[in-house]
Chemist: 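Provided herewith is a single structure, encoded as structure tokens, for subsequent inquiry.
We count residues from 1, following the sequence as given. When a ligand or atom number is given, it counts from 1 through the structure's own listing order.
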Amino acid sequence: ALQELSQIDNPDELEQWRVRILGRRGELTGILRGLAQLDLEERRQVGALGNQAKAALEEGLEKRGRDISEARLAQVADLERIDVTLPGRPVATGRLHPTTQVLREITDAFVAMGFSIVEGPEVEWDHYNFEMLNIPQGHPARDMWNTLWVDYVNEEGQRPMLLRTHTSPMQARVMESVQPPVRVIVPGKCYRYEATDATHEWHFYQVEGLAVDEGITFADLKGTLYEFARRLFGTERKVRFRCDYFPFVEPGVDMSIDCFSCEGGSGWIEIMGAGMVHPRVLAGVGYDPEKYTGFAFGLGPERIAMLKYGIDDIRHFYSNDLRFLRQF
Ligand code: PHE
């Protein structure tokens, strides 16, 4: 029986073997039942041998069962193995929108420099969009952002809710929720109550950046943004910083990229505002402005895509014309 057992390689045959040898009407069971006819001395001897044989057969059965199932598992693992390193096959389901492609390039560049990506609400409070950014009610700088207000009036008779005009409100939201060091970028959609033309849309994307820590200087701002420009536009493209004013930074700058083919022939196109985070903004979120400094920037991905690909009108991005989209 043990020899037979060693030939068996599947669970069905194993079960048949068990029934035939060890089952209730099996061969060994029959032999052991026959003991009753023997006399006492023989019964004792044969009985002991019978039990030994039974134990050996049961043990053999168990081991064979284990071997068979292990071999099966190994076979399944081999047959159903998935090669995760195999490259996927392209499926003709379309492609990413040029804005999405550029957003990913931009975020990749900053992630490589240690920034994390966070996102925030498009419907925002006046509190974060303006107040926390050192732009109080009635401040003339509010005119810089033509605002779409949400038709909701609070108990004081004010409209405190709006469609965010920039991604900067996330500066305060992030700083309220974490302690320095802060290094985040915020891609997201913004809205302005504005007439559209070749370089202006009433909705568009921005990517905000914020870094706050002890000892951050304007040199860090320049180094980070130069490196960003190099990654996106290559080492040949020129970058220019000029003084600019935003109430939430001091000093404030704008950064341009050389563009001698650009319309108007100015030679430069502005792609972002930036500056050192204003001490009042830091104090507003409970950071000690004596201890911490930081820089912030806000850039326009569609402008960057226009520069990279020579697109002449920002309105193409939202017209969903396949003749435009298929080119990317
Ligand atoms: N939020 C500003 C804008 O929309 C850009 C900016 C961001 C400027 C961060 C400075 C610092 O115009």
Side-chain angles (χ1 to χ4, degrees), residues 103 106-107 110 115 117-122 124-136 139-148 162-175 182-194 196 199-213 216-218 220-226 228-229 239-257 269-282 284-285 287 289 292-304 314:
L103 273 170
I106 294 167
T107 50
F110 286 110
F115 286 74
I117 302 174
V118 294
E119 288 182 296
E122 290 173 28
E124 185 53 281
W125 299 107
D126 178 305
H127 178 74
Y128 287 108
N129 198 85
F130 293 124
E131 299 280 332
M132 296 295 278
L133 291 168
N134 194 30
I135 317 170
H139 192 291
R142 285 200 174 204
D143 294 346
M144 290 168 72
W145 295 274
N146 299 316
T147 308
L148 287 157
L162 46 78
L163 298 187
R164 67 175 173 195
T165 59
H166 49 184
T167 43
S168 301
M170 278 302 284
Q171 290 186 23
R173 282 186 180 272
V174 167
M175 289 191 281
V182 175
R183 242 186 265 134
V184 292
I185 41 167
V186 188
K189 204 138 182 219
C190 308
Y191 303 83
R192 290 197 197 164
Y193 184 59
E194 255 175 11
T196 61
T199 50
H200 294 88
E201 255 291 1
W202 68 273
H203 57 155
F204 52 90
Y205 277 89
Q206 277 195 348
V207 177
E208 191 81 8
L210 176 70
V212 182
D213 202 352
I216 290 192
T217 70
F218 197 86
D220 297 308
L221 178 154
K222 274 189 111 170
T224 305
L225 296 181
Y226 268 126
F228 162 74
V239 169
R240 181 183 72 178
F241 286 96
R242 281 190 313 181
C243 291
D244 203 347
Y245 170 72
F246 303 95
F248 35 93
V249 289
E250 181 59 36
V253 293
D254 62 55
M255 185 173 123
S256 302
I257 300 283
I269 185 165
E270 192 183 316
I271 58 161
M272 70 170 99
M276 300 305 288
V277 181
H278 198 292
R280 254 188 242 157
V281 173
L282 295 173
V285 296
Y287 284 9
Y292 296 112
T293 49
F295 63 81
F297 56 86
L299 57 88
E302 288 99 346
R303 286 248 177 118
I304 288 174
I314 195 169

Chemist: Looking at F248 versus H166, is the centre-to-centre ring distance below 6.0 Å?
Modeler: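 That pair passes the under 6.0 Å test.
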
Chemist: Are more than 12 heavy atoms, taken from residues, nucleotides or ligands other than Y245, located less than 6.0 Å from that residue's OH atom?
Modeler: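 Yes, the 6.0 Å shell around OH holds more than 12 heavy atoms from other groups.
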
Chemist: Tell me, which residues have any heavy atom less than 4.0 Å from some atom of ligand 1?
Modeler: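 For ligand 1, the contacting residues are W145, H166, S168, Q171, R192, Q206, E208, F246, F248, V249, G273, A274, A296, F297, G298.
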
Chemist: So, does R164 use its side chain to make a donor-acceptor pair with the main chain of K189 at under 3.5 Å?
Modeler: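 It does hold such a pair.
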
Chemist: Could I get the full list of salt bridge (Lys or Arg N to Asp or Glu O under 4.0 Å) partners for E131, not counting sequence neighbours?
Modeler: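 Scan of E131 (salt bridge (Lys or Arg N to Asp or Glu O under 4.0 Å), adjacent residues dropped) gives R142.
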
Chemist: Can a salt bridge be assigned to the pair E124 and R173 using a cut-off of 4.0 Å between side-chain N and carboxylate O?
Modeler: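 R173 and E124: salt-bridged.
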
Chemist: Centroid separation under 6.0 Å, is that true for the rings of F115 and F228?
Modeler: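 Ring centres of F115 and F228 not closer than 6.0 Å.
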
